[in-house]
Visitor: 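What follows is a single structure, and I will ask about it in a moment.
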Amino acid sequence: MKKNAGFTVFSLIVVLSLILSGCNLPVQIVINTSATQATTIAPELPTATAQMVETTAAPVLPTDTPAPQPTATPEDTVAPTQIVHTAMPANSFYEADQVAVDCNTGARLPSGSNQINVSGCDYWSREFLERPADTSGGAYVPALDILWSQVGKSSPWVFLRTKVTSLAAEPAGFQTGFEIDTNIDSRGNYLVLASEPKSTQWTTDGVQVWQDTNNDVGGAKSFTYDQNQSNGYETELFNAGVGSDSDLAWVRISPNDSSIVEFAIKTSILGESKTFAWWSWTGIQKLNPAEFEVVDRLQDNEAWNMDNSCSWIYGTKPEEGQVANLCAIIKPTPTPTLPPVVNKPTTCPVQTCPILSYWDPETCKCKRFIIKIPTATPIIIY
């Protein structure tokens, strides 16, 4: 009995040692407390459902270095459209009967004064303006004073030019241009403008072409102050080479006269029109396409720093009343028809004539007397 008790105690000490050592092995140790010696059973692998042990993820400790952020992809930079010109005007061409003459305000300045006098040249009621100054009685601006304008056509170009008193001191914001009326109804269909032209070479810089597609320029009555609320020239066709035709319109300072601004526009702008009316403009920041006509947008005492010419017609003989603001038509006085000259002899000797005849020195002939007898039926005796 003592031997068996000692073996039992020894076995318990071994089991406790294994438990305390933390060996959690899947080993079953069977202790035979019988008189026979203990039998050790080999370990079996689990064949039943395995016991899952949940593992706690280690916490992420903050670091001084921030996590990298995704870098935004830079937007693609769109390169500006390169303007390619394929047609450029050469020598300009003008027609002698296509001239609109304007008042020379500079020549009418009072002696020793620079203040303009517009009397006799300015008619607000029909939008015929002569106001090359900043205010009424203001300082004269030579670049605004139109002296004459002229048009010519040489396919594929229509040439237009305006001569002013001087462009030597061209003011900032200076504009010049033309209105073109393709159906001759006193309403412009196209407005061609140039801002601060300086080059003597043909260029599209600063050139614009606008169209009035809804035909409302001028309101109820064109060239008349009627507080028109139209949108003026609302469609931009061309701007410094940008448009469906990069060669549509050009401008230059005349290489032959530094006080002349020349335009060249494609005849395609005229469509099927063989005739058109035209008139010219100058201004300082006043020629806003959306604000035409000028007399409908400004009060009489507000419309300064501008000048325009009277209207003229290309392609047909202008007639009185054909368009508003038509230039004066000068009809030449017809030359009287003189009777044919009869060559008279310088000397004519007097001759004796028969009875009842007389000598006529004008014809150098004898002529019979004509005797009229006052009767009911005149009897003429030769």
Side-chain angles (χ1 to χ4, degrees), residues 83 85-96 98-102 143-164 167 170 173-182 188-212 233 236-271 273 275-284 286-289 292 306-315:
I83 298 173
H85 294 296
T86 59
M88 179 182 293
N91 296 328
S92 52
F93 171 79
Y94 301 96
E95 299 176 37
Q98 289 296 306
V99 180
V101 179
D102 199 43
L144 297 179
D145 191 7
I146 298 173
L147 303 184
W148 50 259
S149 298
Q150 191 174 17
V151 168
K153 184 178 178 183
S154 179
S155 186
W157 303 103
V158 174
F159 293 98
L160 311 97
R161 65 178 176 177
T162 295
K163 180 176 176 64
V164 298
L167 287 170
E170 181 181 310
F174 172 74
Q175 299 169 292
T176 184
F178 285 81
E179 284 186 87
I180 298 175
D181 173 11
T182 56
N189 301 103
Y190 298 95
L191 174 66
V192 184
L193 284 177
S195 298
E196 301 185 18
K198 298 184 184 300
S199 176
T200 56
Q201 302 295 320
W202 288 113
T203 178
T204 60
D205 294 346
V207 184
Q208 296 180 334
V209 179
W210 292 81
Q211 183 180 9
D212 174 28
Y233 293 95
E236 185 181 75
L237 302 180
F238 180 89
N239 190 339
V242 177
S244 59
D245 183 350
S246 60
D247 303 323
L248 183 62
W250 302 74
V251 71
R252 72 175 180 179
I253 303 297
S254 170
N256 302 316
D257 188 333
S258 60
S259 61
I260 292 178
V261 180
E262 294 185 289
F263 289 88
I265 62 173
K266 289 280 191 72
T267 54
S268 59
I269 201 174
L270 303 175
S273 301
T275 61
F276 60 91
W278 59 269
W279 52 96
S280 61
W281 283 92
T282 58
I284 299 178
K286 291 287 187 178
L287 308 183
N288 184 344
F292 272 76
M306 62 177 64
D307 192 7
N308 72 343
S309 72
C310 52
S311 310
W312 201 238
I313 300 176
Y314 182 92

Visitor: Going through the checks in order, is the ring-ring contact (aromatic ring centres under 6.0 Å, His included) test met by His85 and Trp250?
Guide: CA-CA 11 Å; His85 294 296; Trp250 302 74; 4.8 Å; yes
Visitor: Show the numbers, then the answer: is there a side chain to side chain donor-acceptor pair (under 3.5 Å) between Gln208 and Trp210?
Guide: CA-CA 7 Å; Gln208 296 180 334; Trp210 292 81; 3.1 Å; yes
Visitor: How long is the straight-line distance from OG of Ser149 back to CG of Asp102, given to the nearest 0.5 Å?
Guide: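 Those atoms lie 7.5 Å apart.
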Visitor: Write down the atom of Gly177, the atom of Phe263, and the distance for their closest heavy-atom approach.
Guide: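 Smallest heavy-atom distance, with atoms named: CA-CZ, 3.9 Å.
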Visitor: From Ile260 CD1 over to Ile253 CD1, what is the distance, rounded to the nearest 0.5 angstrom?
Guide: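 Atom-to-atom, Ile260:CD1 and Ile253:CD1 are 10.0 Å apart.
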Visitor: Once you round to the nearest 0.5 Å, how far does CD1 of Ile265 lie from CG of Leu248?
Guide: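 Result: 7.0 Å between the selected atoms.
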Visitor: Indicate the atoms forming the closest heavy-atom contact of Gly206 with Ala240, along with that distance.
Guide: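 So the minimum-distance heavy-atom pair works out to N-CB, 4.1 Å.
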Visitor: How far apart are the closest heavy atoms of Asp245 and Lys266, and which atoms are they?
Guide: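 That would be OD2-NZ, 2.9 Å.
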Visitor: Would you call the rings of Phe276 and Tyr314 parallel, tilted or perpendicular if under 30° counts as parallel and over 60° as perpendicular?
Guide: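 Answer is parallel, since the angle falls under 30°.
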Visitor: Distance alone, cut at 3.5 Å: any donor-acceptor contact between the side chains of Thr267 and Ser155?
Guide: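 On atom types as modelled, these side chains do not qualify, holding no pair under 3.5 Å.
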Visitor: Using only atom types and a distance under 3.5 Å, with no angle test, would you say the side chain of Gln175 pairs donor to acceptor with the backbone of Leu287?
Guide: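 Pair found, side chain donor or acceptor close to backbone of Leu287.
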Visitor: Any chance you could measure Gln211, atom CD, to Asn189, atom CG, to the nearest 0.5 Å?
Guide: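 Separation between the atoms: 7.5 Å.
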Visitor: Nearest heavy-atom pair of Trp202 and Glu262: which atoms, and what distance?
Guide: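 Trp202 and Glu262 have their closest heavy atoms at CZ3-O, 3.7 Å.
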Visitor: Applying side chain to side chain donor-acceptor pair (under 3.5 Å), run through Thr282 and Thr176 and close with a yes or a no.
Guide: CA-CA 4 Å; Thr282 58; Thr176 184; 5.9 Å; no
Visitor: Which pair of non-hydrogen atoms, one from Trp279 and one from Ser311, has the smallest distance, and what is that distance?
Guide: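 That would be CE3-OG, 3.6 Å.
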Visitor: Taking all heavy atoms of Ala249 and all of Val209, pick out the closest pair and write down the distance.
Guide: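 Minimum heavy-atom contact is CB-CG2, 3.6 Å.
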Visitor: Once rounded to the nearest 0.5 Å, what's the spacing between atom CH2 of Trp281 and atom OG of Ser309?
Guide: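 Result: 9.0 Å between the selected atoms.
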Visitor: Pick one: which of Tyr233, Tyr190, Trp278 meets side-chain hydrogen bond (donor to acceptor under 3.5 Å, both in side chains) with Glu179?
Guide: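 Only match with Glu179 under side-chain hydrogen bond (donor to acceptor under 3.5 Å, both in side chains): Tyr233.
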Visitor: Rounded to the nearest 0.5 Å, how far apart are OG1 of Thr86 and CG of Asp247?
Guide: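 That separation rounds to 4.0 Å.
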